[in-house]
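Remarks on the structure that follows.
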Amino acid sequence: IYLSLILRPNIAPRSAPSMTLLTAVAIAETLLAVPGLEIAIKWPNDILARGKKLAGILTEMSTTGESIDYAVVGLGLNVNTSRFPDEIEDRATSILIETGQRVRRVTLAKEYLKWHEEYYDVFQRIGFEPIRKRWKELTNMMGQQVTVETIGREYTGKVQDIDDGGALILRDETSGYHRV
């Protein structure tokens with residue numbers, strides 16, 4: 001499934017990562033209903049099953065000054081793929097591979113849209129905190145040692161939290177905190 005949504009969140013560009021995390025929670029909720037499928041969210045934009053990538057999320061935005069005009073949140077979900085090319089088969093998986101069962105894509109898309117609308121409504125009415133809390137319940141990264149590469153910089157540390165804008169908070173070996 002390849003599916004993109006155009007959103008018009010009333011947030012500053014600094015908080016744009018929250019849209020990616022909201023989408024991750026929505027697709028995770030969808031996938032939790034698939035019998036035999038165990039998933040975890042990997043910051044910032046992947047859904048994993050047994051350590052392999054099952055879904056990915058990309059978010060792009062257009063801004064004017066300190067506001068977002070719109071954000072496009074794209075989801076790619078491997079559903080009924082039975083085999084991946086040799087160069088990625090050790091890193092990619094699908095619902096079919098994980099469960100042995102074919103799943104109707106239209107049913108998954110419908111459920112995902114339902115969950116996304118529900119969480120987007122929560123986001124608009126209450127804010128990011130309930131989504132942040134659920135994201136933390138659905139990840140296996142909390143307290144784990146990770147390395148994050150950014151443009152021109154690499155951070156290594158234990159995952160402490162995600163902040164109210166969706167940024168990852170790492171604590172390095174010298175007790176320094178980094179917002180990535």
Side chains of [Y] and [X]: any donor to acceptor distance under 3.5 Å?
X      : Y     : result
Glu98  : Thr93 : yes
Tyr119 : Glu29 : yes
Asn45  : Thr20 : no

Margin query: Just so I know, are the side chains of Asn10 and Ile68 near enough to count as touching, which here means a heavy-atom distance under 4.5 Å?
Written below: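 Of all side-chain heavy-atom pairs linking Ile68 with Asn10, none is under 4.5 Å.
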Above 12 or not: heavy atoms from other molecules or residues under 6.0 Å from [atom1] of [X]?
X      : atom1 : answer
Glu66  : CD    : no
Glu154 : CD    : yes
Lys114 : NZ    : yes
Arg104 : CZ    : no
Glu38  : CD    : no
Arg50  : CZ    : no
Glu117 : CD    : no

Note to self: If we check side-chain contact (heavy atoms from CB on, under 4.5 Å) with Ile162, which of these qualifies: Thr139, Leu21, Ile169?
What the structure shows: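 Result for side-chain contact (heavy atoms from CB on, under 4.5 Å) with Ile162: Leu21.
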Checklist line | Of Gln124, Met61, His116, the residue whose pairing with Leu7 passes side-chain contact (heavy atoms from CB on, under 4.5 Å) | finding: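 Looking at Gln124, Met61, His116, the match for Leu7 under the side-chain contact (heavy atoms from CB on, under 4.5 Å) is His116.
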Item checked: Pairing residues for Arg105 by the salt bridge (charged side-chain N to carboxylate O under 4.0 Å, His left out) criterion, not counting sequence neighbours ->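 Counting only residues at least two positions away or on another chain, Arg105 forms no salt bridge (charged side-chain N to carboxylate O under 4.0 Å, His left out).
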Item checked: SB check Asp164 Arg132 (cutoff 4.0 Å) ->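 Looking at Arg132 together with Asp164, the answer is no, because their closest N to O distance does not fall below 4.0 Å.
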Notebook entry, point to check: Are Asp161 and Lys136 close enough for a salt bridge, meaning some N to O gap below 4.0 Å?
Noted result: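 Yes, Asp161 and Lys136 are salt-bridged.
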Item checked: Geometric class of the Phe123/Phe128 ring pair [parallel <30°, tilted 30-60°, perpendicular >60°] ->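 Judged by the thresholds at 30° and 60°, the geometry between Phe128 and Phe123 is perpendicular.
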